[in-house]
Structures are given as structure tokens and as C-alpha cells.
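Read the structure below first, then the notes.
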Amino acid sequence: MGGFIPGLLNKAMTITQSTRMLIKPSDAVVWISCQRRAWLDKHQPTAYEPDAFNQLLSDRGLAHEAAILAKLENQFSVVQATSFEHTQALIQQGAQVIYQGRLVDENQGLVGYPDFLIRQESGQYQSADAKLSLSENKKAIQIQLGIYRRLLGNGLPAMVFLGDGRTALLGDEVELLVDEFITSMKALLDLEQQPSVRYSHSKCRICPYEAHCRPEFEMREDISLLYGVHGKAADALAEAGISTISQLAASTVDTVPDVPYLKGSKRKYRAILQAQSFLSGKVYSLDKTVLPEGTWIHFDIEDNPLTRSRERHVYLWGFLLPTYAKDDFDYVWTDGEANDYEGWLGFLQKVEAYRSLYPSIVLAHYSNHEKATIRKYAERYAMENHTTVLWLLGQDSPLFDMQNPVLNCLVLPLQGYGLKDICKHPDLVDFQWENQESGSQWSVVQFNRFLSETNPREKQKLKNEILGYNRDDVVATRHLELWLRNLFC
DNA sequence: AGGTCGAAAATCCACAGGTG
DNA sequence: CACCTGTGGATTTTCGACCT
């Protein structure tokens, strides 16, 4: 194996066929998330299907690009490039805007396809990309646009058409980052063996190479497999002689040194228990869980992050009331962002109705998302001083985040403490969703299908599925509540 | 794609003190 | 006076883990 050597290229091989070992802007996204993944992409690429949610994002990105293209076509004459050579020819001819131009620089080892190349009055070309993102201050974007600048080599800042309609310029300020990226990518290209990395649950579980890496982590009993243990902490522990889960499980708070991201006896104690739990599958209780008194109402919202305005729209505010059977599911639904305000008012009304029905209520939800969203809505509609809002967000808030007692009191044989992780586990809550494929990203996809569906029957069907999913979510938190009460209170 | 949270690291900045 | 160094404190960034 080894790096790509231009000189040894078969003459019949076109540039397009040999670009794998060149650095391309889209490598930046992977490079930021994981060095190993970046290496594998270059040396042992795997074809994989993006999930429905990423497909949705990708479709939106293409639609955004098409919208920008249409705009530019109104202003300029736009020509689509079909190859590297064609792009060069168009540049020579001085085409006003080149769409999907293809640039390559084998000396720098770079290749890139900027969405647009826009001719300036000086005759120089400026690269421009359409990005769904709302901010230009993202490493991946800065690197990508920075690569286009290098490929053009004229010093002009690159332009980005952002998802909210803003345009931004990226100039010399991104150079340092681009340097770091290129240097690191070149080193990865030359590397004979995959670099060693640590496990990160949030990154690895969505990685196409998970099946490749995971057995290795497990065989090594890599400590970073444990929930809450940072990769850097694992590195430092290994240096101190603790490099397997078994070793950590056999340690005590006093024999584990303080390391970055794992300091203090409390955190170290948790990590040790997490290691023991990983090996034994047992649940450890740190503290008695204390649950608030009152009439519990389970609460879960669904929202659409991909609205036209790009402000999140909560289209479903779901509740599970006593006696917590499936029929006790209640909700406020809105068909689209045009009814955003109605949905919010409907939610406030519902909550007030529950409050008058029961002497004291607890609105139980999982993780802080519900509370944060209520805060956002209060701000959006300037209702911070509304009596219901004051009550919801004030001192005696009925909102109760069930993740808190779980995180504070329990150590579970899991790598994630999300609602689904805990509820689906057969040895824990053991509650199964009726819709197997459901998940938070699934609901976003379904709602966007609902929005674009024109057949009323199909539309109703999609809505029912989403309602069923949301109902299962609140039923799940109810099951979690009972599980906590039975075992830990 | 967006966001929140908390811990910890990284960066920045004003200011003090020393040196040639 | 220009320049370097150290320090404490405030601010910003990063990380991993959640949510839609």
C-alpha cells in the first residue's frame, strides 16, 4: 500500500478515476469527526446507504442549491461544467458563472467541485457554495471553502450562500485551519495502518465503519466504551496503567489517579461502577431516587427543525394522563408552521386545563428539550410574563426532567442514557415501541413527508403514525416512572 | 440541520514585573 | 522605551451526551 503516485498512473486512467487519493473538501466533515474514519475513507472505503434523515437533509441541501442556481440564472448566464477540462475551457472563455465546476491541483493533492465559480470584473473567479447551515463559523464549511480558494489560487475570499438567505465571505482567516487539515490529511494518506482512536458513542453509533471498529474496542476492553468516559481520559488512564475495563472495574477511587475529564472521587466512582456494570450487566444504585409528588402527566413534544423560516416548529405537544392507558393520550397538533402560534396557545390551554383538573400536576418529560423549547416559545411570542409561562418556567415549575434521577442515582449497563436505550433494554424497563423503526429522527422524516403529501388519505395515515409514535414515547416515560418507583424509591 | 447542558480546556486580556 | 514573562480572571471553544 502507499500514497498515490501520479507518475505511475496508467495513461488511460482519467483524472476522475484517480481522485480518491486526493484531498477533497467533503473529506473535511469526516476528518473533523474522526481520524480513523478519514483514514478508512481513503484506504478501505465502504459503500453505505445514508439513513432517511440524512437523505432528507441531503435533499434539502440540493433544493437549496437549486434555488441559488435559479437566482444566479436570473442575473447571469450560467454554464454547467462537465469535466475538469471543460471547466478550464470555460474559465479561458470567461464564462460569467460556471455551475459545478471541477478543479484539481495534483501538486497540492487537492480536488474540488465548487457549486459556483463566479467571474469578477477583474476576470478572476470567485468560488461560491450553497450550504444549508445557518452559520459560516463552522470548521467543515471553512475548510471546504478554503480548499476552493487554494484551487483557484487568486486570493479572493470564497462565498457561501447560507440556509437562512445570508451570504458570507471566507478569506485568509481560514488559512490556518486549512493548513492543519491538509497537513493532517496528507499524513493520513501516507499512513500504512489505520490510526488508533477511542470510542465515542455519539460519533461511532452513526459511523458506517462501526462494525469495523467495534470488535477491536471490545476485544481490548477499551475504557472509552464506558458511558461518560472521554477519549482523553482513557488515554491518560492508560498512561497510568489502567487500560482495560476489567482493570478499572477492579480499581478503587484511591487507586485511580485524577486525569483530565475524570477528576474527583465522585466522577471516578461512577466510572468504576460503570465498568463493573459493563462487565456484569448489573444496575447500581448510587442514591435513592426522589420523585416529585402530584398527579403525573407524561409530556413529550415533536418538532420540525427543517422549516422554511428555519425556526423550529413544534407540531405535536403530546400528553399521557391518568390512568395512563393508551386511550389516555391527549395532544395538540398543528398541520404546519403557519399554525405555530395556535399550537403554542393550544399547549398553554391544555396545561391550564390539567392544572384546574388536578390539585397539583407534574409534567414529566425526558431530557431538557421540552423545557428549553417552552422557553424558546415564550421568547418567540414575547410571553415571558404570561401567567402560565411564569408558572411553567418559574420556581414551582411542574416540569420534571426524568433524566435527572436516572443520571444522578443510577449506573446502568448501557453506553447511552437516552430514553430509548433505557426503555428498550430487556433487563431494564423493557418497553418496546410499536413502530420498530421509530426514533426522533424518524419522526422528523415522517412529518416532512406529511407536509409534502397531497393525497389526504396518505396524509392522515402519516399523521396517525406520528401520533402513535409520540404516544409510545409518553407511555415509555410512564413505564420508566413505574420502573423507578418499584426498584429505587 | 438545529439546539441545550456541564465540565474542562483553550484563548484572550489587563496588569505587574523584569531586562536590555 | 520596547519587549518578554507570568498571573489571575473572564470569555470562548470543545467535547460528549441528550433532544427533534
Side-chain angles (χ1 to χ4, degrees), chain A residues 29 32-34 50-64 130-135 137-141 162-164 176-177 197-206 224-236 258-264 266-267 270-271 274 299-318 337 365-377 379-380 401-404 406-408 412 414-422 438-448 466 469-470 473 476-477:
Chain A
V29 181
I32 286 163
S33 81
C34 174
D51 59 37
F53 183 73
N54 281 99
Q55 192 58 53
L56 176 64
L57 283 181
S58 161
D59 291 347
R60 288 304 178 91
L62 291 175
H64 176 52
K131 294 275 177 222
L132 215 48
S133 164
L134 303 180
S135 163
N137 301 321
K138 295 208 168 160
K139 279 189 169 185
I141 289 180
L162 295 163
D164 59 359
L176 224 72
L177 184 59
V197 286
R198 295 288 179 180
Y199 180 81
S200 162
H201 190 57
S202 46
K203 286 174 185 165
C204 296
R205 70 174 163 183
I206 54 165
S224 63
L225 284 169
L226 299 174
Y227 175 84
V229 177
H230 287 227
K232 283 181 183 170
D235 288 342
D258 273 10
V259 296
Y261 295 102
L262 198 59
K263 287 180 179 142
K266 233 181 162 170
R267 263 184 284 279
R270 255 210 86 110
Q274 196 68 66
F299 171 44
D300 181 47
I301 60 177
E302 311 293 332
D303 47 58
N304 180 20
L306 298 171
T307 61
R308 185 166 278 274
S309 67
R310 297 307 296 276
E311 270 198 286
R312 299 181 78 95
H313 165 56
V314 176
Y315 58 88
L316 177 54
W317 312 75
E337 50 190 303
H365 55 100
Y366 197 86
S367 100
N368 73 333
H369 182 244
E370 278 66 25
K371 193 167 199 167
T373 304
I374 290 170
R375 215 180 287 134
K376 271 270 181 300
Y377 265 73
E379 201 183 313
R380 179 179 303 173
D401 181 356
M402 291 183 73
Q403 197 181 30
N404 287 335
V406 171
L407 248 28
N408 294 335
L412 306 173
L414 295 171
Q415 287 177 330
Y417 281 63
L419 182 64
K420 304 214 171 26
D421 298 306
I422 299 172
S438 64
S440 53
Q441 298 199 331
W442 175 89
S443 64
V444 175
V445 172
Q446 289 300 94
F447 186 70
N448 279 279
I466 296 170
Y469 163 69
N470 180 254
D473 263 1
T477 57

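Just so it is clear: chains get the letters A, B, ... in the order the sequence lines come, proteins before strands, and each one is counted from 1. All heavy atoms count here, side chains included; hydrogens, waters and symmetry mates do not. Predicted model only: the values in this text are computed from it and were never measured.
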So which one's nearest nucleotide on DNA chain B is more toward 5', A/Val259 or A/Ser135?
A/Ser135
Mind calculating the distance between CG (A/Asn448) and C1' (C/dT20) to the nearest angstrom?
11 Å
Over how many whole Å does the gap from A/Ile374 atom CD1 to B/dT4 atom C1' extend?
14 Å
Between C/dG16 atom P and A/Tyr227 atom OH, what is the distance in whole Å?
13 Å
Which of these nucleotides, B/dA1, C/dG16, B/dT4, is closest to any side-chain atom of A/Ser202?
C/dG16
Touch class at under 4.0 angstrom, heavy-atom based, for A/Asp473 against every strand present:
sugar-phosphate
When we call it a touch if two heavy atoms are under 4.0 Å apart, what does A/Gln403 touch: a base, just sugar-phosphate, or nothing?
sugar-phosphate
Examine distances only and state if a side-chain atom of A/His365 and a backbone atom of A/Ser367 form a donor-acceptor pair shorter than 3.5 Å.
yes
Any A/Lys203 side-chain nitrogen or oxygen under 4.0 Å from OP1 or OP2 of C/dG16
yes
To the nearest Å, how far apart are A/Leu407 CG and C/dC19 C1'?
14 Å
Would you call the rings of A/Tyr377 and A/Trp317 parallel, tilted or perpendicular, where under 30° means parallel and over 60° means perpendicular?
perpendicular
For A/Leu419, answer base if it contacts any base atom (sugar-phosphate contacts may also be present), sugar-phosphate if it contacts only those atoms, and nothing otherwise; contact means non-hydrogen atoms under 4.0 Å.
sugar-phosphate
Does the side chain of A/Tyr469 come within less than 4.5 Å of A/Leu316's, by heavy atoms?
no
I need the CG-P distance between A/Leu132 and B/dG2, as an integer number of Å.
7 Å
Hey, does the side chain of A/Lys376 come within less than 4.0 Å of B/dT4's phosphate (OP1/OP2), counting only N and O?
yes
Counting side-chain heavy atoms from C-beta on, which of B/dA1, B/dT4, C/dG16 comes nearest to A/Ser200?
C/dG16
Taking the side chain of A/Asn368 as heavy atoms from C-beta outward, which of C/dT20, B/dT4, C/dG16 is closest to it?
B/dT4
Could you tell me whether the side chain of A/Asp401 and the main chain of A/Tyr366 form a donor-acceptor pair under 3.5 Å?
no
Give me the atom names and distance for the closest heavy-atom approach of A/Leu132 to A/Gly61.
CD2-N, 3.7 Å
A/Arg375 near the nucleic acid: base, sugar-phosphate alone, or nothing, with a heavy-atom cut-off under 4.0 Å?
sugar-phosphate
Any side-chain heavy-atom pair from A/Glu302 and A/Ser443 closer than 4.5 angstrom?
yes
Nearest of C/dT20, B/dA1, C/dC19 to any side-chain atom of A/Ser133?
B/dA1
For A/Gly163, which contact category applies under a 4.0 Å heavy-atom criterion: base, sugar-phosphate, or nothing?
nothing
Return the value, rounded to whole Å, for the distance between atom CD1 of A/Ile32 and atom P of B/dA1.
11 Å
Does A/Leu306 or A/Lys232 map to a spot on DNA chain B nearer the 5' end, using the closest nucleotide for each?
A/Leu306
From C/dG16, C/dT20, B/dA1, nucleotide with atom closest to A/Glu302 side chain
C/dT20
Would you indicate which nucleotide in B/dC5, C/dT20, C/dT14 comes nearest to any side-chain atom of A/Lys139?
C/dT14
Among the nucleotides B/dA1, B/dA8, C/dC19, which one has an atom lying closest to any side-chain atom of A/Arg267?
B/dA8
Nucleotide nearest A/His201 (side chain, heavy atoms from C-beta), chosen from C/dA17, C/dC19, B/dG2
C/dA17
Can you check the A/Asn137 CG to C/dT14 P distance for me, whole Å?
10 Å
At under 4.0 Å between heavy atoms, what does A/Asp300 touch on the DNA or RNA strands: base, sugar-phosphate, or nothing?
sugar-phosphate
Quickly work out the A/Arg198 CZ to C/dT14 P distance and round it to whole Å.
22 Å
